[in-house]
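Please read the structure below before turning to the comments.
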Amino acid sequence: MGLSLSRKKNTPLLFDSSLFKQGNRILRLNYFNLNYNSISKFTLWFLSSNFVYSISRLFQSNFYHKVIRDPIWRPLELSGSGNLILIGYWSFNRYFEEIRGELVAKCTVKEIFFNISYVTFKERILGTEAVAIHIRRGDYVSDREYNSIFGVLPIQYYIDAIEEIRRKVGNPYFFVFSDDPDWVNGYFSIDQAYTLVSDVESLEDYHEFDLMRCCKHQIISNSTFSWWAAYLNDYEHRVIIQPQRWYQSETAQSVYESNEFLFIKGAIRI
């Protein structure tokens, strides 16, 4: 969203990463071929303060930054001039569809972060009719709130998705990605040979994301990690399967079913 707006307005894009310092997740953008500049939380607070607002009005300047929060379940039309501070997820497709080509080109791992495991897997994936399967568990299982909002996809979803791939793709080979490889090894029983990529300790999450993106086809979970990997897949004849039921929440699910929110054009819903 921010990048798309900065292109339209021809203005700089600055990124506040302070949220990542407070939680369990690590900002990984610097591992990709994306150029961005940072801004401090204090600076953002100051630029959006009543003091700066008053000064901007008095001197008719453009120092003030208006804060816009993502309404989450409905798209927001942003137009006009002025500086903005965007807070939220901004997951509606319309926010970034115009710059998809730029994202496809730049959301690739920088060569300096390549390692032997990554290069070996990438060669295997590019040399076959590779299908990525993503199994999202983690806090979807351990966190009660996340479990009530999203829930974990049943194995039957993956069985049905694999059958759909078999009908549409000749000689597919499956690569499985998961934040819970131990569970996959113990419980993911399907009538299909596959390679569990996430069982390789030398692969980081940004490696796995890029390998998932490099697969010609994807069976994604109800997770934006695999959603973005599939969205950035530029293979002309790709087959993407995503879950019909993304949310347990009825409000969120109704928005998802509108085809505007987290829906990949041409994807098959199962």
Side-chain angles (χ1 to χ4, degrees), residues 1-5 19 23 25 28-29 32 34 68-78 86-104 106-107 131-141 143 145-154 156-158 160-161 164-165 176-179 205-206 208-235 238-270:
M1 174 61 161
L3 182 60
S4 179
L5 270 181
L19 181 64
R25 298 191 179 184
R28 297 295 200 183
L29 289 180
F32 295 86
L34 293 164
I68 304 291
R69 296 183 182 275
D70 181 9
I72 301 180
W73 304 129
R74 60 180 176 83
L76 191 65
E77 298 294 340
L78 295 177
L86 303 176
I87 301 175
Y89 294 101
W90 308 100
S91 298
F92 277 88
N93 300 25
R94 68 175 66 179
Y95 291 149
F96 42 80
E97 187 64 32
E98 292 181 359
I99 60 166
R100 181 180 176 275
E102 181 179 355
L103 293 174
V104 168
K106 292 184 176 181
C107 289
V131 182
I133 299 177
H134 184 235
I135 300 173
R136 174 74 154 84
R137 289 178 58 80
D139 51 8
Y140 281 16
V141 177
D143 189 291
E145 181 181 1
Y146 271 45
N147 184 268
S148 66
I149 296 173
F150 297 98
V152 179
L153 295 175
Q156 190 61 46
Y157 162 72
Y158 293 102
D160 293 342
E164 186 67 21
I165 289 289
V176 176
F177 302 80
S178 178
D179 57 356
D205 50 6
Y206 53 87
E208 292 192 37
F209 176 86
D210 199 52
L211 291 173
M212 201 184 311
R213 178 192 64 82
C214 287
C215 290
K216 293 182 174 66
H217 317 282
Q218 285 90 14
I219 297 172
I220 70 173
S221 65
N222 53 339
S223 164
T224 51
F225 186 74
S226 54
W227 186 93
W228 274 105
Y231 180 79
L232 296 172
N233 176 3
D234 62 347
Y235 179 56
R238 66 183 187 177
V239 176
I240 296 173
I241 298 177
Q242 62 182 107
Q244 177 67 38
R245 185 81 194 188
W246 192 283
Y247 293 97
Q248 297 299 314
S249 163
E250 292 299 335
T251 300
Q253 180 65 21
S254 65
V255 176
Y256 170 65
E257 291 177 358
S258 72
N259 289 357
E260 292 186 279
F261 188 71
L262 294 176
F263 180 67
I264 300 173
K265 186 177 181 181
I268 300 167
R269 284 184 179 165
I270 291 179

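No hydrogens, no waters, no symmetry mates; every other heavy atom, side chains included, goes into these values.
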Ring-face cation contact, Phe209 with Arg28, 6.0 Å cut, 45° max: no
Could you state the interatomic distance from [atom1] ([X]) to [atom2] ([Y]), rounded to the nearest 0.5 Å?
X: Phe225; Y: His134; atom1: CZ; atom2: NE2; value: 5.5 Å
X: Ile72; Y: Trp90; atom1: CD1; atom2: CH2; value: 10.0 Å
X: Tyr158; Y: Ser221; atom1: OH; atom2: OG; value: 5.0 Å
X: Leu34; Y: Leu29; atom1: CG; atom2: CG; value: 6.0 Å
X: Tyr256; Y: Ser91; atom1: OH; atom2: OG; value: 12.5 Å
X: Leu232; Y: Ile264; atom1: CG; atom2: CD1; value: 9.0 Å

Test: Glu164 and Arg269 ion pair at under 4.0 Å: no
CD/Gln253: more than 12 non-hydrogen atoms of other groups inside 6.0 Å: yes
Neighbour count above 12 (heavy atom, 6.0 Å) for Tyr146 OH: no
Heavy-atom side-chain proximity of Tyr95 to Leu5 below 4.5 angstrom: no
Side chain to side chain, Leu153 and Arg136, heavy atoms closer than 4.5 Å: no
[X] and [Y]: which non-hydrogen atoms are nearest, and at how many Å?
X: Phe177; Y: Ala132; result: CE1-CB, 3.8 Å
X: Arg213; Y: Cys107; result: NE-O, 3.6 Å
X: Asn93; Y: Leu262; result: OD1-N, 3.2 Å
X: Trp73; Y: Thr251; result: CD1-CG2, 4.3 Å
X: Glu145; Y: Ser148; result: O-OG, 2.7 Å
X: Ile220; Y: Pro243; result: O-CD, 3.6 Å

Between [X] (side chain only) and [Y] (backbone N and O only), is there a donor and an acceptor less than 3.5 Å apart?
X: Arg100; Y: Leu103; value: no
X: Gln242; Y: Ala267; value: no
X: Arg238; Y: Asn233; value: yes
X: Arg245; Y: Tyr247; value: yes
X: His217; Y: Val131; value: no
X: Asn222; Y: Gly151; value: yes

Looking at residues at least two apart in the chain, or sitting in another chain, which of them share a side-chain hydrogen bond (donor to acceptor under 3.5 Å, both in side chains) with [X]?
X: Asp179; result: none
X: Asp160; result: Gln156
X: Glu102; result: Arg7, Lys106

Aromatic plane relationship, Phe150 with Tyr140 - under 30° parallel, 30 to 60° tilted, over 60° perpendicular: parallel
Worked verdict on Val152 versus Arg137 for side-chain contact (heavy atoms from CB on, under 4.5 Å): CA-CA 6 Å; Val152 179; Arg137 289 178 58 80; 4.0 Å; yes
Pair Tyr231, Gln218: side-chain N/O donor-acceptor within cut-off below 3.5 Å: no
